[in-house]
Amino acid sequence: ITAGRARLSFFPLTTTLSSLRLVANTPQSALSIQRMIIRPRWFAPHSRVLWVESVKIDRPILRLTRTPAGTLLWPSLHEAVRTGAGSSTPAVTPWQIRVDSLEVVDGVIELVDEKPPTPFHGIVDHLSFIAGPVTIPLSGSREMGFALHSELIGDGGHAAPLYCSGTLDLTGNNLQAFCRLEPLALAAFGPYYQESPEVRVYATTLASVSQW
């Protein structure tokens, strides 16, 4: 991971990283972040615990591609999170990181699906997300509250807002959520219907309210 600029301020103690991106980015899969602001609360070197008050991520962009063969290409995070497994050096106790508030502002998730006869290009735009607390690595019951809103954009510019909120138990695989999708024209997924003689979409819309 590279950063174009790093700034440290002491009152309050804040680290600001700008123009972050993965070195292994490709035109098909990439991750970049315009700015990340980290405000720590305290850290204990002897117990290897870092407590972060908040992490704010401005304008992240995630790009994914599904190839004609059906393979999904994700940004490569192997080098970024490499743990040194198999190294001859003695194992050390990993750091535990607690983040009270994780906030994403105006994010973008871009999907290019090259498998349909006509490629599909979908975007989750203006994604804002807030969650917390988050603890890494996971241990015991770690329930995290979250809320998000975004705009789903499909083929031909058809778009609709999406809202979700709830709680997630990261260790117990337990999700409770309430989501609402405003009316979205099914023509947003037009490339998936073009080769099907049994499905013809004209002016149908989809709206959904669900509780999980």
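Source: prediction; values computed, not measured.
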S.K.: Does the side chain of Leu148 reach to within under 4.5 Å of the side chain of Ser165, using non-hydrogen atoms?
M.R.: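 No, their side chains stay 4.5 Å or more apart.
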S.K.: Please give me the minimum heavy-atom distance between Gly70 and Lys115, naming the atom from each residue.
M.R.: CA-CD, 4.1 Å
S.K.: Quick check: do Leu62 and Glu110 have side-chain heavy atoms less than 4.5 Å from each other?
M.R.: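 The answer is no, as the side chains (C-beta and beyond) never meet within the 4.5 Å cut-off.
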S.K.: Going by side-chain contact (heavy atoms from CB on, under 4.5 Å), name the residues that satisfy it together with Ser19, two or more places apart in sequence or in a different chain.
M.R.: none
S.K.: How long is the gap from CD on Gln34 to CG on Asp58, to the nearest 0.5 Å?
M.R.: 6.5 Å
S.K.: Any chance you could pull the hydrophobic cluster mates of Val108, using side-chain heavy atoms under 4.5 angstrom and chaining through other members?
M.R.: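 Traced through the cluster, Val108 reaches Ile61, Ile123, Ile153.
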S.K.: Side chains of Tyr192 and Asp155: does their closest heavy-atom pair fall under 4.5 Å?
M.R.: no
S.K.: What distance separates Thr14 OG1 from Arg39 CZ, expressed to the nearest 0.5 Å?
M.R.: 4.5 Å
S.K.: Roughly how far apart are Leu22 CG and Leu31 CG, rounded to 0.5 Å?
M.R.: 5.0 Å
S.K.: Measuring only between side-chain heavy atoms, which start at C-beta, is Arg35 closer than 4.5 Å to Ser18?
M.R.: yes
S.K.: Looking at NE2 of His149 and NE2 of His126, how far apart are the two atoms once the value is rounded to the nearest 0.5 Å?
M.R.: 10.5 Å
S.K.: Would you call Gln96 and Thr135 a side-chain contact if the rule is heavy atoms closer than 4.5 Å?
M.R.: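 Contact flag for Gln96/Thr135 side chains = yes.
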S.K.: Restricting to pairs with a member in residues 14-70, which pass ring-ring contact (aromatic ring centres under 6.0 Å, His included), not counting sequence neighbours?
M.R.: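 Applying ring-ring contact (aromatic ring centres under 6.0 Å, His included) to every pair that reaches into residues 14-70, excluding sequence neighbours, yields Trp42-Trp51.
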S.K.: Counting only heavy atoms from other residues, nucleotides and ligands, does the tally under 6.0 Å from CZ of Arg180 exceed 12?
M.R.: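 Atom CZ in Arg180 is not packed in, count stays at 12 or less.
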S.K.: Would you call the rings of Phe146 and Phe129 parallel, tilted or perpendicular, taking 30° and 60° as the class edges?
M.R.: parallel
S.K.: Report yes if some heavy atom in the side chain of Leu64 is under 4.5 Å from a heavy atom in the side chain of Val112; otherwise report no.
M.R.: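 No; the side chains remain at least 4.5 Å from each other.
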S.K.: Glu182 versus Tyr163: any side-chain heavy-atom pair under 4.5 Å?
M.R.: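 With C-beta onward as the side chain, the pair touches.
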S.K.: Using every non-hydrogen atom in the two residues, find where Glu53 and Asp100 come nearest and quote the distance to one decimal.
M.R.: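 Closest pair (atom of Glu53, atom of Asp100, distance): O-CB, 3.3 Å.
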S.K.: Checking side chain to side chain contact (heavy atoms under 4.5 Å, CB included) for the pair Val52/Ile38: CA distance, chi angles, key distance, verdict?
M.R.: CA-CA 7 Å; Val52 179; Ile38 305 169; 3.9 Å; yes
S.K.: Taking only residues two or more places apart in sequence or in another chain, which ones pass salt bridge (charged side-chain N to carboxylate O under 4.0 Å, His left out) with Glu103?
M.R.: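 Checked Glu103 against salt bridge (charged side-chain N to carboxylate O under 4.0 Å, His left out); zero matches.
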S.K.: Heavy atoms only: give me the nearest Pro191-Pro119 pair and the separation to one decimal.
M.R.: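 Shortest heavy-atom separation between Pro191 and Pro119 comes out as CG-O, 4.0 Å.
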S.K.: Can you find a heavy atom in the side chain of Thr71 that is under 4.5 Å from one in the side chain of Leu73?
M.R.: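 Yes, their side chains come closer than 4.5 Å.
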S.K.: At what distance, to the nearest 0.5 angstrom, does CZ of Phe189 lie from CG of Leu184?
M.R.: 5.0 Å
S.K.: Other members of the hydrophobic cluster containing Phe11, with the 4.5 Å side-chain heavy-atom rule, please.
M.R.: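 Members alongside Phe11: Leu8, Phe10, Leu13.
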S.K.: Apply side-chain contact (heavy atoms from CB on, under 4.5 Å) to Pro60 and list each qualifying residue two or more places apart in sequence or on a separate chain.
M.R.: Ile33, Ile57, Val104
S.K.: Give a yes or no on whether the backbone of Ser54 and the side-chain of Ser101 come within a donor-acceptor separation of less than 3.5 Å.
M.R.: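 Looks like no, no N/O pair under 3.5 Å.
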S.K.: If I take atom CD1 from residue Ile130 and atom CG from residue Leu102, how far apart are they, to the nearest 0.5 angstrom?
M.R.: 8.5 Å
S.K.: Could you report the tightest heavy-atom contact between Ala30 and Pro75, atom names first, then the distance?
M.R.: O-CG, 3.4 Å
S.K.: What are the two closest non-hydrogen atoms of Ala185 and His158, and how far apart are they?
M.R.: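 It is CB-ND1, 3.7 Å.
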